[in-house]
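Written below as structure tokens is the structure these notes are about.
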Amino acid sequence: MDLPSAWLEPIVRVQTLSDTGSPVIPDRYIKPLFQRPSFNTQSNNQNIPIIDLYELKNGCATAQKAVMDQISIACREWGFFQVVNHGISDELVDGAREVWKEFFHQPMEVKQDYANTPKTYEGYGSRLGIQKGAILDWSDYFFLHYLPSKLKNHKKWPSQPPFLRDVTEEYSKEIVRLGKDLLRVFSINLGLQEDYLQGAFGVDDIGACLRVNFYPKCPQPDLTLGLSSHSDPGGMTFLLPDEHVSGLQVRKGDEWITVKPARHAIIVNIGDQIQVLTNGIYKSVEHRVIVNPDKERVSLAYFFNPKSDVLIKPATELVTSTKPALYEPMTFDEYRLFIRTKGPQGKSQVESLKCS
Ligand code: OGA
Ligand code: NI
């Protein structure tokens, strides 16, 4: 199946809608009742685990093991955690967020030069999924490729503000380093060879792509979502959240937990491909984004993915007679078509891979 080379209906920038100052949002953004966020926050003192990675690089064997154990628990119980002392400097983290905020604050004509299509999704976009008449999310985004190198094209990255390309390049390099470190930790924690997951991801041909999300102010935040519930289709995601505005919610049982980011933290979450590779030991967890009446929000979601054409299937070592393979093999290229066609749909896609 091929994705179309143009959107099937006109694209409306959510930022433009927000800038009109209208007190009501268009019907297309109004979610059915059961999907709407609840702003009743009393049970929400919970947070996802915060893990300090300092000792992983600098500590003795015992201290390293302690950090790895925290990561193991977070992967099994939450599928989501935030890391601090991750080795990416505060200046770079702040700089990356800042250049992208500036990008979205440029005039619309500048951004329109990068308007994307559903064919590759690269560039400035305002929807996921192509279905005509679908109910949409209250956000715009910019999507770009970093790896594999053959997909990276600086001309498709914004030329303004001036340092955006350099800062994004440097930030990307650090994220890939962190991604490789964590694949090693996950492999060891699962009792696999330490290079198992990196190998399953395609060794040096992994994919890394960035989606910068921009959530404009919304006059009726109780009727809509900035990003509908979904699990990330790829391997794992590194999310740099807005420093000032919360919005990410993670599903824990029947509750939605609002993530309270630690300063300069990066949020890590397991994607569907790692759920499949670990035969369900690690789960990709549903999450969504709520929006705000008086504050916009920006986040950088870095997707760390397997090479697009390798078959992803449960690791043989994690398949036993009592725990048979739970998922059918599939390449990430094929898998990714689902969200690109249908948009975010909770966990329905990974469920559909289940062996019958
Ligand atoms: C995503 C995502 C969360 C956020 O881009 O997949 O879940 O806080 N983003 O923007
Ligand atoms: Ni996500």
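Computed over heavy atoms, backbone and side chain alike; hydrogens, waters and symmetry mates excluded. Order of appearance sets the numbers: ligands from 1, and atoms from 1 within every ligand.
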Quiz prompt | For atom 5 (O) of ligand 1, the protein heavy atom that lies nearest, with its residue and separation | solution = Arg211 NH2, 2.7 Å
Quiz item: Any salt bridge between Glu243 and Arg263, counting N to O under 4.0 Å?
Solution: yes
Quiz item: Do the two ring centres, one from Phe214 and one from Tyr141, sit under 6.0 Å apart?
Solution: no
Quiz item: Can a non-hydrogen atom of His230 be found less than 4.0 Å from any atom of ligand 1?
Solution: yes
Quiz item: Hey, what do you get for NZ (Lys342) to CD (Gln131), rounding to the nearest 0.5 Å?
Solution: 7.0 Å
Practice problem: Mark up the atoms of ligand 1 that fall under 4.0 Å of a heavy atom belonging to Asn213, in ascending order. | Solution: 5 (O), 9 (N), 10 (O)
Exercise. Look at the side chain of Ser72 and the backbone N and O of Met68, then say whether any donor-acceptor pair between them is shorter than 3.5 Å.
Key: no
Exercise. With heavy atoms only and a cut-off of under 4.0 Å, state how Phe303 meets ligand 1: side chain, backbone, both or neither.
Key: side chain
Exercise. Could you tell me the residue and atom name of the protein heavy atom closest to atom 8 (O) of ligand 1, and the distance to it rounded to 0.1 Å?
Key: Arg297 NH2, 2.9 Å
Exercise. For Leu248, take its heavy atoms, then give the atoms of ligand 1 lying under 4.0 Å from any of them.
Key: 3 (C), 8 (O)
Quiz item: With a cut-off of 2.8 Å, how many protein N, O or S atoms neighbour the Ni ion (ligand 2)?
Solution: 3
Exercise. Return yes if a side-chain donor-acceptor contact under 3.5 Å exists between Glu194 and Ser187, otherwise no.
Key: no
Quiz prompt | Close-contact set for ligand 1 against Ala301 heavy atoms, below 4.0 Å | solution = 5 (O)
Quiz item: Are the charged groups of Asp309 and Lys307 less than 4.0 angstrom apart, N to O?
Solution: yes
Quiz item: For atom 2 (C) of ligand 1, what is the nearest protein heavy atom, given as residue, atom name and distance?
Solution: Leu227 CD2, 3.4 Å
Practice problem: Have a look at Thr168 and tell me which of Trp100, Trp157, Tyr146 forms a side chain to side chain donor-acceptor pair (under 3.5 Å) with it. | Solution: Trp100
Self-check item: Basic-acidic side-chain contact under 4.0 Å: Glu77, Lys283
Solution: no
Quiz item: Nearest protein heavy-atom contact for atom 3 (C) of ligand 1: which residue, which atom, what distance?
Solution: Val289 CG2, 3.6 Å
Quiz item: Do the numbers put Arg13 on top of the ring of Tyr124, so that NZ or CZ is under 6.0 Å from the six-membered ring centre and no more than 45° off the axis?
Solution: yes
Self-check item: Basic-acidic side-chain contact under 4.0 Å: Glu286, Lys347
Solution: no
